[in-house]
Amino acid sequence: MRFNSHMQTALSEARAAAKRGEVPVGAVITSAEGRIIAQAGNRTRELNDPTAHAEILAIREACHTLGQERLTGYDLYVTLEPCPMCAAAISNARINRLYFGASDPKSGGVTHGARVFSHPQCHHAPEIYDGLSAAECEALLKEFFAAKR
């Protein structure tokens, strides 16, 4: 099977989030065949919901669309390393593979900080692929925060 990255779709969601004044993070969930099941961008401010991260919204949409609580065999593309909350949700949803762009040394929960998937309490750890379109993801975040300062 040929690998087809969906990071450009995640970046489109991140750009849309930035236009709404949200931190520009986008997420996409795909089937094993590469079909997009769900996509979302951050909406914490819009929804007044601290859990409305792109990953959480995409997981909720995928589970609703598929009519199931687990996403075994599905992949998640996200523009920024997931935080600990999102990493726990990824584990609970049983996501097969996690692809992310920019690393997050300050608030990440995968390769930095809490490293959720390496804890004995973690029920499921996805395969992790980092650095996909990292420069583009990082530039979008830096540009957004530079404009805020």
Any donor-acceptor N/O pair, R15 side chain to E13 backbone, under 3.5 Å: no

- prompt: When clusters are formed by joining ILVMFWY residues with side-chain heavy atoms under 4.5 Å apart, either directly or through shared neighbours, do L57 and L66 land in the same one?
  reply: no

message: Can a donor-acceptor pair be found, under 3.5 Å and without considering hydrogens, that links the side chain of E22 to the backbone of E46?
response: yes

Any side-chain donor near an acceptor of the partner, T51 and R60, under 3.5 Å: yes

message: If we check side chain to side chain contact (heavy atoms under 4.5 Å, CB included) with Y74, which of these qualifies: T30, I29, I59, N96?
response: I29

query: What's the shortest heavy-atom distance between R115 and H119, and which atoms?
result: O-CD2, 3.2 Å

- prompt: Within the side chain of S91, is there an N or O that forms a donor-acceptor pair under 3.5 Å with the backbone of H124?
  reply: yes

- request: Give the cluster check for L141 versus V78: same hydrophobic cluster or not, with ILVMFWY residues linked at side-chain heavy-atom distances below 4.5 Å.
  value: yes

Hphob cluster co-occupancy, Y99 + V116, side-chain heavy atoms under 4.5 angstrom: no

- request: Looking only at non-hydrogen atoms, find the nearest pair between A134 and G101 and report the distance.
  value: CB-O, 3.6 Å

query: For S103, does its backbone N or O pair with a side-chain atom of E81 as donor and acceptor, under 3.5 Å?
result: no

- request: Mind listing the closest non-hydrogen atom pair of E61 and I37 along with its distance?
  value: OE2-O, 3.9 Å

- prompt: What pair of heavy atoms forms the shortest contact from A114 to P84, and how long is it?
  reply: CB-CG, 3.9 Å

task: Could you tell me whether the side chain of D104 reaches within less than 4.5 Å of the side chain of C83, counting heavy atoms only?
output: no

message: Please check: side-chain N/O of E55 versus main-chain N/O of I90, any donor-acceptor pairing under 3.5 Å?
response: no

query: Any side-chain heavy atom of T111 sitting closer than 4.5 Å to one from F100?
result: yes

- prompt: Is there a path of hydrophobic side-chain contacts, each under 4.5 Å between heavy atoms of I, L, V, M, F, W or Y residues, that connects Y129 with L11?
  reply: yes

query: Is it the case that T44 and N42 place a side-chain donor and acceptor less than 3.5 Å from each other?
result: no

- request: Search all heavy atoms of A17 against all heavy atoms of P24 and return the closest pair with its distance.
  value: CB-CA, 4.2 Å

- prompt: Taking everything shown except R20 itself, do over 12 heavy atoms lie less than 6.0 Å from its CZ?
  reply: yes

query: Does V23 reach the side chain of F144, with side-chain heavy atoms less than 4.5 Å apart?
result: yes

query: Just how far is it from atom OG of S118 to atom CD1 of I128, taken to the nearest 0.5 Å?
result: 8.5 Å

query: Could you state the interatomic distance from CZ (R43) to CG (N48), rounded to the nearest 0.5 Å?
result: 13.0 Å

task: Report the C-alpha separation of R94 and L71 in whole Å, then their side-chain angles, then the decisive distance to 0.1 Å, and conclude whether the side chain to side chain contact (heavy atoms under 4.5 Å, CB included) test is met.
output: CA-CA 6 Å; R94 307 302 198 266; L71 299 173; over 6 Å; no

field: NE2-CZ distance between H123 and F117, expressed to the nearest 0.5 angstrom
entry: 13.0 Å

- request: State whether the number of non-hydrogen atoms from other residues, nucleotides or ligands found under 6.0 Å of E143 atom CD is greater than 12.
  value: no

message: Any side-chain to backbone donor/acceptor pair from R35 onto S31? Under 3.5 Å, distance only.
response: no

- prompt: Would you say the side chains of Q8 and E136 form a donor-acceptor pair under 3.5 Å?
  reply: yes

- prompt: Taking the side chain from T79 and the backbone from G26, do they hold a donor-acceptor pair closer than 3.5 Å?
  reply: yes

task: Applying side chain to side chain contact (heavy atoms under 4.5 Å, CB included) between H6 and each of L132, V28, D75, report the one that passes.
output: V28

message: If you apply the rule side chain to side chain contact (heavy atoms under 4.5 Å, CB included), what do you find for C137 with L80, and how did you get there?
response: CA-CA 7 Å; C137 295; L80 180 64; over 6 Å; no

query: Just wondering, do M85 and I56 contact through their side chains at under 4.5 Å, heavy atoms?
result: yes

